[in-house]
S.K.: 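One structure, as C-alpha cells, below. Some questions next.
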Number of protein chains: 2
Amino acid sequence: MKNTTTARERLIQATFELLERQGYHGTGLNQIIKESGAPKGSLYYYFPNGKEELVSRAIGEQGKALADRIRRALEGVQDPAEAVYSMMLHLAEKLEQSKCTKAGSFAAVALETSNTSEMLRETINKTYDAFISAIQGMLLAHGFSEARAVQIATLITASMEGAVVLCRTKKSTEPLRHIAQEMKHLLRSAIAENDAGS
Amino acid sequence: MKNTTTARERLIQATFELLERQGYHGTGLNQIIKESGAPKGSLYYYFPNGKEELVSRAIGEQGKALADRIRRALEGVQDPAEAVYSMMLHLAEKLEQSKCTKAGSFAAVALETSNTSEMLRETINKTYDAFISAIQGMLLAHGFSEARAVQIATLITASMEGAVVLCRTKKSTEPLRHIAQEMKHLLRSAIAENDAGS
DNA sequence: GTCTATAATAAGATAGAC
DNA sequence: GTCTATCTTATTATAGAC
C-alpha cells in the first residue's frame with residue numbers, strides 16, 4: 001500500500017498548523033492546499049464532507065496524540081507538583097519555538113464553532129476530556145479523592161489553555177511561566193495538606 | 001447633541017455580542033449591520049478603517065468596562081479567596097444566561113488575529129493587563145509580594161479564560177464551577193501560608 | 001487519485017445620491 | 001448621517017477530464 005496516505009497526512013498536518021495560527025474561519029481551504037502541497041483534488045476525496053470534516057479529523061487526531069503524550073509523561077511520576085510544572089514549561093518551550101505564533105487551535109476552533117457545528121464541538125469536547133482525564137489519573141494515584149482530582153485537573157487544563165491565549169496576546173511566554181510557578185507552589189501545599197489528612 | 005451616538009453604540013454592542021458567539025472571522029459586517037439595526041452607511045462613517053477598527057473599539061470599550069467592574073468588585077474585600085470564588089461564580093451565572101453560547105470574545109479574537117493585526121493584539125493585550133492588574137491590586141492589599149501577586153493574578157485570569165473555553169465546549173458551566181471551588185481552596189492555603197510568613 | 005475550471009455564495013469595502 | 005448599488009476578492013464546493 002506504500003504511502004497512499006501521505007496526501008491525507010499532509011492535509012491534516014497543514015490544517016492543524018494553520019488552525020493554530022489563524023483559527024477556523026481565518027483558515028481557507030485554498031491556503032490549506034497551498035501550504036500542504038497536497039493536490040487539490042485530494043481534499044474532497046479524503047474528506048467528502050469538506051472543511052468541517054477535515055478540521056474535525058485534524059483536531060481529533062492531534063488531540064488524541066497529545067492526550068496520549070500527556071498521559072505517558074505523567075505516568076509514574078513521584079511528585080505531581082513538579083510534573084505539572086514540567087508539563088507547563090514544556091508547553092512554554094514549544095510556544096517559544098514559534099515565537100508565540102502557533103498554539104491554541106482547540107480553544108480557537110471551540111470558541112468559533114461551538115454554536116454552529118456539533119461535530120466540531122463534540123470532537124473538541126472529547127479532546128479536553130482526554131486531557132483532564134490524563135491529569136486526573138495522576139492525581140488519583142497520589143491519594144486525591146475522585147472529586148478533588150477532577151477539580152484540580154480541570155484547573156490545570158483551563159489555566160494552560162488560558163495562559164496560551166495570554167501568551168499569544170503578549171507575544172511572550174511569561175504568562176505560562178507565571179502559572180507554572182504558581183501552580184507548582186499551590187499544588188505542593190495541596191499535596192501536603194491532602195497527605196496530612198489521610 | 002441628543003443621541004447622535006446611538007448608531008455607533010448599537011454597532012459596538014452588536015459587534016461584541018457576535019464576537020462572543022462566533023469570533024472575528026466568523027462574524028461578517030453585513031451580519032453586524034443586520035443585528036444592530038444600524039444603517040449600513042453609518043459603519044464606515046463611525047469607523048473609517050472598517051472591521052478592524054470597529055472590532056478594536058468594541059473589544060477595547062467592553063474590556064475597559066469589565067476591568068473597571070472587576071476592580072470595584074474586589075476593592076476592600078476582606079477575604080480574597082471568597083472574592084475570587086464569587087467573581088468566578090458570577091461569570092458562570094452570566095454564561096448560564098446564554099446557555100453557554102456567549103463568552104470568550106477576547107480569547108477568540110486574540111487567537112484568530114494576534115499574528116495578523118497589531119492593532120487588535122495590542123487592544124486585547126491592554127485589556128488582559130487591566131484584568132490582571134485589578135486582581136493584583138487586591139492581592140497586594142492583602143500582603144502578597146509584588147511578584148507573587150502577579151503570578152496569582154495571572155493564574156486567576158488564565159484559568160477563567162480557559163474555563164470559559166471548556167464551558168463553551170461542554171455546553172455546561174461545570175468547568176467554571178470546578179475551578180471556582182478549587183481556586184478558593186488553594187487561595188485559602190496560600191493566604192494562611194503568606195500570613196504566617198509575615 | 002489527481003487536476004483544472006468553474007459555479008455559487010459571501011466577504012470587506014467604496015461611490016455617489018440624498 | 002444615511003441609503004442603495006456595486007466592485008473586488010475570497011470563500012466553499014462541484015463537475016468532468018485524465
Side-chain angles (χ1 to χ4, degrees), chain A residues 1-19 21-59 108-109 112-113 115-120 123, chain B residues 1-19 21-59 105 108-109 112-113 115-121 123:
Chain A
M1 50 158 70
K2 276 208 328 170
N3 46 4
T4 92
T5 56
T6 111
R8 200 196 107 105
E9 279 314 306
R10 281 206 307 268
L11 282 167
I12 290 276
Q13 188 64 33
T15 298
F16 188 75
E17 287 184 11
L18 288 170
L19 292 174
R21 291 201 253 121
Q22 312 165 329
Y24 184 81
H25 290 109
T27 300
L29 292 183
N30 291 334
Q31 194 181 9
I32 293 174
I33 293 298
K34 186 179 167 190
E35 197 86 355
S36 69
K40 177 154 188 175
S42 303
L43 202 159
Y44 284 91
Y45 176 79
Y46 288 113
F47 308 97
N49 291 101
K51 187 179 187 179
E52 193 181 10
E53 183 179 359
L54 168 59
V55 170
S56 179
R57 302 288 181 201
I59 290 281
V109 178
E112 288 180 87
T113 69
N115 294 326
T116 50
S117 167
E118 270 304 292
M119 184 184 182
L120 287 171
T123 299
Chain B
M1 52 160 67
K2 277 211 324 171
N3 46 4
T4 91
T5 56
T6 109
R8 201 196 106 104
E9 279 314 306
R10 281 206 306 269
L11 283 167
I12 291 277
Q13 188 63 34
T15 299
F16 189 74
E17 288 183 12
L18 288 170
L19 291 174
R21 291 200 254 123
Q22 311 164 332
Y24 183 81
H25 290 109
T27 300
L29 292 183
N30 291 334
Q31 192 181 10
I32 292 174
I33 294 298
K34 186 179 168 189
E35 197 86 356
S36 70
K40 178 153 188 178
S42 303
L43 202 158
Y44 283 91
Y45 176 78
Y46 289 113
F47 309 97
N49 290 102
K51 187 179 187 179
E52 194 181 12
E53 184 180 359
L54 168 59
V55 170
S56 179
R57 302 288 183 201
I59 291 281
S105 55
V109 178
E112 287 180 88
T113 70
N115 294 327
T116 50
S117 166
E118 270 304 291
M119 183 184 183
L120 287 171
R121 189 186 69 76
T123 299

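Every chain is numbered from 1 and lettered A, B, ... according to where its sequence line falls, protein lines coming before strand lines. Model, not experiment: these values are computed from the prediction.
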S.K.: Measure the shortest side-chain to side-chain distance between A:Pro48 and A:Glu53 over non-hydrogen atoms and say whether it is less than 4.5 angstrom.
M.R.: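 Of all side-chain heavy-atom pairs linking A:Glu53 with A:Pro48, at least one is under 4.5 Å.
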S.K.: Are OP1 or OP2 of D:dT2 and a side-chain N or O of B:Ser42 less than 4.0 angstrom apart?
M.R.: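 For B:Ser42, the contact criterion (side-chain N or O under 4.0 Å from OP1 or OP2 of D:dT2) is met.
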S.K.: Can you find a heavy atom in the side chain of B:Ile12 that is under 4.5 Å from one in the side chain of B:Phe47?
M.R.: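 Answer yes - side chains close enough.
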S.K.: Whole angstrom is fine here: how far is it from OH in B:Tyr45 over to P in C:dT14?
M.R.: 17 Å
S.K.: Starting from P on C:dA10, measure out to CD1 on B:Ile32 and report it in whole angstrom.
M.R.: 17 Å
S.K.: Quick one: CZ on B:Phe16 to CG on B:Leu54, what's the gap to the nearest 0.5 Å?
M.R.: 12.5 Å
S.K.: How close or far is atom P of D:dT2 from atom CZ of B:Arg8, stated in whole angstroms?
M.R.: 13 Å
S.K.: State whether the side chain of A:Thr123 and the backbone N or O of A:Met119 hold a donor-acceptor pair below 3.5 Å, judged by distance alone.
M.R.: yes
S.K.: Heavy atoms, side chains only, cut-off 4.5 Å: are B:Gln22 and A:His25 in contact?
M.R.: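 SC-SC contact between B:Gln22 and A:His25 ruled out.
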S.K.: Are B:Thr6 and B:Arg10 linked by a side-chain donor-acceptor pair shorter than 3.5 Å?
M.R.: yes
S.K.: Any chance you could list the contact pattern along nucleotides 9-18 of chain D? Use B for base contacts, S for sugar-phosphate-only contacts and - for none, protein heavy atoms under 4.0 Å, 5' to 3'.
M.R.: --BBBB----
S.K.: Between D:dG1 atom C1' and B:Leu11 atom CG, what is the distance in whole Å?
M.R.: 12 Å
